[in-house]
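The chain is numbered in sequence order, starting from 1.
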Amino acid sequence: MHSAVLLIEFGSIILALGLLGRAAARIRLSPIPLYLLAGLAFGEGGLLPLGASEEFVATGAEIGVILLLLMLGLEYTASDLVSNLRAHYPAGLVDCALNALPGAAAALLLGWGPVAAVVLAGVTWISSSGVIAKVLGDLGRVGNRETPVILSVLVLEDLAMAVYLPIVTALVAGAGLAAGSVTLAVALGAAGLVLFVAVRYGRVISRFVSSDDPEKLLLVVLGLTILVAGLAQQLQVSAAVGAFLVGIALSGEVAEGAHALLSPLRDLFAAVFFVFFGLHTDPASIPPVLLPALALAVVTAATKIATGYWAARRAGLSVRGRWRAGGALVARGEFSIVIAGLAVTAGIEPSLGPLATAYVLLLVVLGPLTARWTEPLAALVTSRLRGRTGTGGTPVSAASGEGREQQAVPDSSR
């Protein structure tokens, strides 16, 4: 009887997610906010609380985080990561300062303490690569001159995750300074070792994993990833970091084949993860934190726009390209929830989960709008200010191709 209820509940969740994803695609919206709302509806205090399938959903959610980071690692080669770090690290530092500090300050002002401050700093810092990539494709901006700048900021955030996640893992586990330092040293050592091996012996590793049979390739890559993630977690290093490093180590045809095979699994388990996060958030706890979440969303939307503007200006782009770069970076999503989930699981601060949920819901909806309208609104405001001050200026026509390169931007993925 228990297994029948489990199948009914889990099947209902998957069916609901599929229908929600279809609805989101029709209105050209990221499905993440709908998945979070589904979790709120199925969780404690929701419309239809689940019981039998909660443990199964928890395991699926953990696999979802692992697959998210694995697929992220598959997007880049080790040499890509090293070159991006060398060329664009100032933009990464500005990004961290402008967007992590508001989250940390908000947590301290709310009286949540230093551990919650570090967690909320990560929630407000990391943009959603998945949402941003989809928005750029929908708006036809993949070939724009600002797109490489946007990608460089996202890559640096992904790199920072490999350092940040072990720190958060140690803090939420209650480890002391010495234990936390050991955990970080192990994580950095593992990351450095994997990058070195990937650069020197990436082809050997890929040849070992490679298979012409899609079934065997899927089983080997998935099994290796979950094994490494488990070993990383056993060493008190985030399982997500282990999965990310496995993705970096694979290259060439293996990475491309694994990406194609694992994408449906990633989408399935990532959706389950968002539902799981919603399950652990009582809908009644969101209204009390809605105003702080809204204020934080407004502030960090502005700081992300400033980040993109600064990075694009440093790259020598026009004013229009700078505004487009800033507007595209606003969306937060999957990794903000991953970071908040660590604190929720550890029971750090009861209100942190609801605030993170409301924050992500706001910005995952606002992000596509700022990507579309930041540049036109900035141009409108600028033209009105020029009219008031009496200074002339000839607006650049959208048909002049100022924002686009004459040739396509090379694909950074493998």
Check: [Y] and [X] side chains under 4.5 Å, non-hydrogen atoms:
{"X": "L355", "Y": "W112", "answer": "yes"}
{"X": "L265", "Y": "I63", "answer": "no"}
{"X": "L261", "Y": "V221", "answer": "no"}
{"X": "L218", "Y": "E215", "answer": "no"}
{"X": "L250", "Y": "V209", "answer": "yes"}
{"X": "L93", "Y": "L156", "answer": "no"}
{"X": "E253", "Y": "S210", "answer": "no"}
{"X": "L74", "Y": "M71", "answer": "yes"}

Can you establish whether the number of heavy atoms outside E62 located under 6.0 Å from its atom CD is more than 12?
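Result for CD/E62: open.
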For D213, does the CG atom have more than 12 heavy-atom neighbours from other residues, nucleotides or ligands under 6.0 Å away?
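Yes.
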Please evaluate residues L37 and L361 with respect to the criterion side chain to side chain contact (heavy atoms under 4.5 Å, CB included), reporting the C-alpha separation (whole Å), side-chain torsions for both, the decisive distance (0.1 Å), and the verdict.
CA-CA 9 Å; L37 290 174; L361 284 171; 4.2 Å; yes
Inter-residue atom distance [X].[atom1] - [Y].[atom2], 0.5 Å rounding:
{"X": "L262", "Y": "D267", "atom1": "CG", "atom2": "CG", "value": "10.5 Å"}
{"X": "Y309", "Y": "L317", "atom1": "OH", "atom2": "CG", "value": "11.0 Å"}
{"X": "I132", "Y": "I150", "atom1": "CD1", "atom2": "CD1", "value": "7.5 Å"}
{"X": "L268", "Y": "S263", "atom1": "CG", "atom2": "OG", "value": "12.5 Å"}
{"X": "I126", "Y": "Y164", "atom1": "CD1", "atom2": "OH", "value": "8.0 Å"}
{"X": "L154", "Y": "E157", "atom1": "CG", "atom2": "CD", "value": "5.5 Å"}

Is there a donor-acceptor pair closer than 3.5 Å between any side-chain N or O of [X] and the backbone N or O of [Y]?
{"X": "K304", "Y": "W125", "result": "yes"}
{"X": "T147", "Y": "R141", "result": "yes"}
{"X": "R324", "Y": "N144", "result": "no"}
{"X": "R332", "Y": "T124", "result": "yes"}
{"X": "S127", "Y": "L329", "result": "yes"}

Minimum-distance pair of heavy atoms, taken over all atoms of [X] and [Y]:
{"X": "A356", "Y": "I337", "answer": "O-CD1, 4.3 Å"}
{"X": "A325", "Y": "G308", "answer": "CB-O, 3.7 Å"}
{"X": "R314", "Y": "P90", "answer": "NH2-CG, 3.4 Å"}
{"X": "L98", "Y": "A306", "answer": "CD1-CB, 4.2 Å"}
{"X": "P31", "Y": "G21", "answer": "CB-CA, 4.3 Å"}
{"X": "L34", "Y": "A24", "answer": "CD1-CB, 3.7 Å"}

Do N99 and T303 get their side chains close enough for a donor-acceptor pair, meaning under 3.5 Å?
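A pair is found: one side chain offers a donor N or O, the other an acceptor, under 3.5 Å apart.
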